[in-house]
Amino acid sequence: QPSLQQQIEELRKTLRHHEYLYHVLDTPEIPDSEYDRLFHQLKALENSHPEFITADSPTQRVGAKPLTSFSQIKHEIPMLSLDNVFNDDEFMAFVKRIQDRLPFSTENLTFCCEPKLDGLAVSILYENGKLVRAATRGDGQTGEDITANVRTIRNIPLQLLTDNPPARLEVRGEIFMPHQAFENLNEMALAKGEKTFANPRNAAAGSLRQLDPKVTRQRHLMLNAYGIGIAEGVLLPDTHYDRLQWLHSMGIPVNKEIELCGGIEQVLKFYRNIQEKRPHLGYDIDGTVLKVNDIALQEKLGFISKAPRWAIAYKFPAQEELTV
Ligand SMILES: Cc1c[n+]2nc(N)[nH]c2nc1OC(C)C
């Protein structure tokens, strides 16, 4: 007969596994009713033995009580923005500037190509695999502490799914509100005579800036990771794409449209392909982000004052108000 603590730990492990299958791999193995049964079983055990409750338990997603204000967080590594291009020629000029700065002829530079989600950039810090802090980008140097709100977002793991987590790992990504959640939110707001949001990005921003996590929890936000900030106690893969796959393997959600493209033609093909898919992705994007995949080259290229030389956002032409 396993001890009470073993039963609790076993239930937590099972629930984390099913959260990962459902929220990150999109391949649930048990019905929601079974997940709920396990969740309530754990909740009951923890309620009868509160001394065993830990912050990283799946039952601890919603913060205890509302905050009265947000504290500030200084980013140890600044969160910079991106330069934009708006047509093929500007993109090709971007690539040429890169090639002029790299010694060898880089005919076929490999780019990691990603949709640019239209949400809020955030920083999420894991220490020894446990989510300890989350912050908005803010002005790039200082952001707001939104840890309690981020802990309520179902596809963000409270604990990394790995047996040997890095001492410190900062995940950077975009928090967004899918179209379905946005429509439901505005429908309910209308029904209750409350104000509606103009677009999913504003709705996500408003939902993250809630002082009461119980409100944030109802908003069905999601994260898509796009990079790494602080990384201590771990040897990272030497390409951006492999780093994203590594995050994904530990339970961090990464957008499934991301692809490696060799050379300008393939990159432009990716851009057009995402532009075609845009109306039915189920969430707002405002372009693509095209990054030199090799980390050593990224480091060689560095940053201009505010944005990296090695990455560019290739945006779509401004669209008339999005009819979601
Ligand atoms: C600001 C930003 C935003 N995004 N969005 C994606 N998909 N990747 C990405 N990378 C960013 O910055 C890195 C290039 C540093």
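When a ligand or atom number is given, it counts from 1 through the structure's own listing order. Throughout, residue positions are numbered sequentially from 1 according to the sequence presented.
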Looking at every heavy atom in both [X] and [Y], which two are closest together, and how far apart are they?
X: Arg12; Y: Phe52; result: NH2-O, 2.9 Å
X: Trp246; Y: Pro237; result: CB-CG, 4.2 Å
X: Ser123; Y: Arg133; result: OG-NH1, 3.4 Å

Test item: His40 side-chain N/O and Asp36 main-chain N/O as donor-acceptor pair under 3.5 Å
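Pair found, side chain donor or acceptor close to backbone of Asp36.
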Between Phe176 and Tyr283, what is the ring plane arrangement, given parallel below 30°, perpendicular above 60°, and tilted in between?
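If you compare the ring of Phe176 with that of Tyr283, the planes turn out tilted.
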Ligand-protein N/O pairs under 3.5 Å (ligand 1):
residue	atom	partner	partner atom	Å
ligand 1	7 (N)	Glu114	OE1	2.9
ligand 1	7 (N)	Pro115	O	3.2
ligand 1	8 (N)	Glu114	OE1	3.2
ligand 1	8 (N)	Lys291	NZ	3.0
ligand 1	10 (N)	Lys291	NZ	3.4

With side chain to side chain contact (heavy atoms under 4.5 Å, CB included) as the test, pick out the partner of Glu114 among Asn224, Leu290, Leu244, Asn255.
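Only match with Glu114 under side chain to side chain contact (heavy atoms under 4.5 Å, CB included): Leu244.
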